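Please read the structure below before turning to the comments.
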Amino acid sequence: MIRFLRRSSSRNLFFGFLNQNLRYSESPVAVRFSGRQTEHHSRLLWPTCRFESTEAARHVDQLYLPNHDDQELDFPGGKVPFTNEMRFIAESTQKRVPCYRVLHENGNTLTSNNFTQLRKDVAIKMYKDMITLQTMDTIFYEAQRQGRISFYLTSSGEEAIAIASAAALLPDDVVLAQYREPGVLLWRGFTLQEFANQCFGNKDDHGKGRQMPIHYGSNHHNYFTISSPLGTQLPQAVGIAYSLKMDRKDACAVAYFGDGTTSEGDFHAALNLAAVLGAPVVFICRNNGWAISTSVQEQFRSDGVVVKGQGYGIRSIRIDGNDALAVYSAVRRARSMAVAEQMPILIEALTYRVGHHSTSDDSSKYRAIDEIEYWKMERNPVDRFAKWLYSNRWLSQEDESNHKTTVKKQLLQAIRNAEKTKKPPVSELFNDVYDHLPKNLEEQEEILRQTMKRYPQDYPSDVPL
């Protein structure tokens with residue numbers, strides 16, 4: 001059974017529970033598996049929770065002891081007991097919220113009944129989509145380095161979150177992603193050619209070349225076009241979820257974001273609004289340790305992101321984002337609760353960004369190489385899931401090799417097609433906003449055309465006038 005932190009206060013703050021064999025501790029990073037400890041010398045990855053006062057620490061449990069005052073304050077929202085003791089709620093707890101997982105690093109399941117069983121066909125598709133996502137990242141990244149596209153951003157190390165969560169959702173669920181969730185689109189049927197068209201911004205791109213690469217969107221797949229500013233999708237997801245609720249739809253909104261987004265005001269506004277409205281939205285935070293070059297311990301003092309949910313009255317859980325079975329099980333359960341109980345759910349998935357933040361970043365400038373290699377080799381989500389598939393005899397090396405070869409060929413052909421396809425005409429810069437183009441935009445379009453004719457060397461030659 002997957003347990004979520006409840007919305008209401010309780011003496012026991014840790015309903016979410018992972019097998020106790022997995023623990024995170026202070027730097028050097030120590031991860032203990034079934035009594036075996038592996039040390040990884042690096043900067044502290046997850047934030048330290050400490051108290052300025054031991055008195056404050058003791059007050060956490062004392063807050064819920066029997067009250068000595070017989071009176072209660074009848075306050076909006078519920079009765080509040082009085083106490084004759086001055087007790088401050090501590091800034092954080094000494095214990096950390098456990099992290100739910102299913103798969104050991106060796107590919108074995110830790111228990112037999114604490115996760116949702118996967119069908120063979122679903123499990124194989126999940127793995128193949130993870131491999132496809134890796135291939136996309138490798139080839140598109142190289143294409144950017146060759147100057148063929150302007151920008152790219154990989155999902156390396158975080159493949160399980162996007163693919164496994166997408167598998168747990170239903171097609172009618174509305175997705176509002178950030179920029180490391182192309183795996184969700186891939187799962188829903190977005191083709192390699194559609195990915196290539198968007199990155200190259202040609203006339204077949206659904207966004208008509210008006211977005212940066214990797215800012216995908218598809219109405220057909222219920223996937224809202226990605227916005228560059230962090231957090232803007234979160235209040236939008238709440239509004240969409242509330243609309244689904246009013247229309248009595250058997251669906252929810254799903255909002256993806258990184259740990260850096262939790263420092264944006266939109267995150268806090270969205271959680272509060274979702275809780276108050278009872279909006280069926282699932283918030284999925286990829287806590288990958290780094291918001292570009294800012295590590296989590298430099299970003300917040302709380303125990304990660306999961307505890308922020310309780311502050312807003314939202315049921316929450318922390319999961320191992322590198323464990324595809326744990327992600328699938330938790331998201332499937334969260335989706336069920338969000339729709340059936342008409343409530344928001346917060347999921348914090350602990351993972352790690354193995355690649356650079358984007359092609360504009362060099363992560364070796366702010367984090368240790370051995371830290372990256374540890375997560376790349378020892379806690380690789382794709383390798384862990386593959387071991388489980390092999391143990392079930394659902395996957396062979398021949399099938400895996402054939403899939404990698406096929407995807408690479410298909411993607412290279414898609415890129416060749418995308419490069420040959422014409423760019424959208426200049427008029428597309430001004431369309432799709434107004435039913436009838438206003439006079440001021442007509443004038444701007446005409447000025448742009450004249451300028452491009454006068455200074456052709458300053459503008460792309462493959463953009464039709």
Side-chain angles (χ1 to χ4, degrees), residues 1-18 24 46-51 56-65 75-81 87-100 231 234-235 237-238 241 252 254-259 261-287 296 299-321 326 330-331 333-338 340-350:
M1 176 181 179
I2 304 174
R3 299 184 179 180
F4 287 72
L5 293 179
R6 293 288 174 176
R7 292 174 293 173
S8 58
S9 298
S10 168
R11 181 178 179 182
N12 181 2
L13 298 178
F14 308 108
F15 283 103
F17 198 80
L18 168 71
Y24 293 95
W46 309 117
T48 304
C49 298
R50 63 180 184 271
F51 294 95
R58 287 195 297 270
H59 284 175
V60 174
D61 287 334
Q62 292 175 357
L63 281 173
Y64 303 105
L65 292 176
F75 192 80
K79 293 184 177 181
V80 180
R87 298 171 184 162
F88 290 85
I89 297 177
E91 60 272 28
S92 189
T93 60
Q94 290 178 320
K95 295 181 180 179
R96 303 202 64 183
V97 175
C99 175
Y100 169 71
L234 301 185
V238 177
C252 67
V254 185
Y256 293 86
F257 54 99
D259 50 280
T261 302
T262 67
S263 294
E264 296 285 338
D266 282 343
F267 167 78
H268 301 277
L271 262 63
N272 189 58
L273 188 62
V276 171
L277 294 177
V281 54
V282 179
F283 297 103
I284 301 178
C285 175
R286 292 175 288 94
N287 186 348
V296 289
Q299 187 175 178
F300 41 67
R301 286 286 302 273
S302 63
D303 178 13
V305 177
V306 66
V307 295
K308 301 181 191 296
Q310 190 176 49
Y312 289 104
I314 294 179
R315 193 174 298 172
S316 310
I317 190 172
R318 168 176 285 164
I319 65 175
D320 184 348
V331 173
R333 178 66 180 133
R335 191 250 175 221
S336 176
M337 289 189 296
E341 302 181 47
Q342 295 293 284
M343 63 161 59
I345 305 291
L346 172 64
I347 298 175
E348 178 189 22
L350 299 184

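Every value quoted in this text rests on a predicted model; they were computed, and no experiment measured them.
Annotation for R318 and V306: closest pair NH2-CG1, 3.6 Å, computed over non-hydrogen atoms. Heavy-atom minimum distance, G313 versus A275: O-CB, 4.1 Å. Across all non-hydrogen atoms, the minimal contact from P235 to A270 is N-CB, 3.7 Å. Here the closest non-hydrogen pair linking V305 and F300 is CG2-CZ, 4.2 Å.
The CD atom of Q342 sits 9.5 Å away from the SG atom of C252 when rounded to the nearest 0.5 Å. The CG atom of L271 lies 8.0 Å from the CG atom of L234; values are rounded to the nearest 0.5 Å. In this structure, the separation between CG on L277 and CG on N272 is 9.0 Å, given to the nearest 0.5 Å. Between R301 atom CZ and E91 atom CD the span is 6.5 Å, to the nearest 0.5 Å. N287 CG to I347 CD1: the interatomic distance, rounded to the nearest 0.5 Å, is 13.5 Å. Here the straight-line distance linking atom CZ of R315 with atom CD of E341 works out to 4.5 Å at 0.5 Å rounding.
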Legend entry - Full working for side-chain contact (heavy atoms from CB on, under 4.5 Å) between F283 and V238: CA-CA 10 Å; F283 297 103; V238 177; 3.9 Å; yes

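With hydrogens and angles ignored, the 3.5 Å screen pairs a side-chain donor or acceptor of S316 with a backbone N or O of I314. Side-chain atoms of D303 come within 3.5 Å of backbone atoms of V97 as a donor-acceptor pair (strictly under, hydrogens ignored). In this structure, H268 contributes its side chain and S263 its backbone to no donor-acceptor pair below 3.5 Å.
Every side chain to side chain donor-acceptor pair (under 3.5 Å) that R335 has, sequence neighbours left out, goes to D173. Taking the side-chain contact (heavy atoms from CB on, under 4.5 Å) definition, one finds that A241 meets it with A253, A279, P280, V281, sequence neighbours left out. Residues satisfying the side-chain contact (heavy atoms from CB on, under 4.5 Å) test with A326, not counting sequence neighbours, are Y100, V102, D323.
Residues K308 and T262 have side chains that never bring a donor and an acceptor to within less than 3.5 angstrom of each other.
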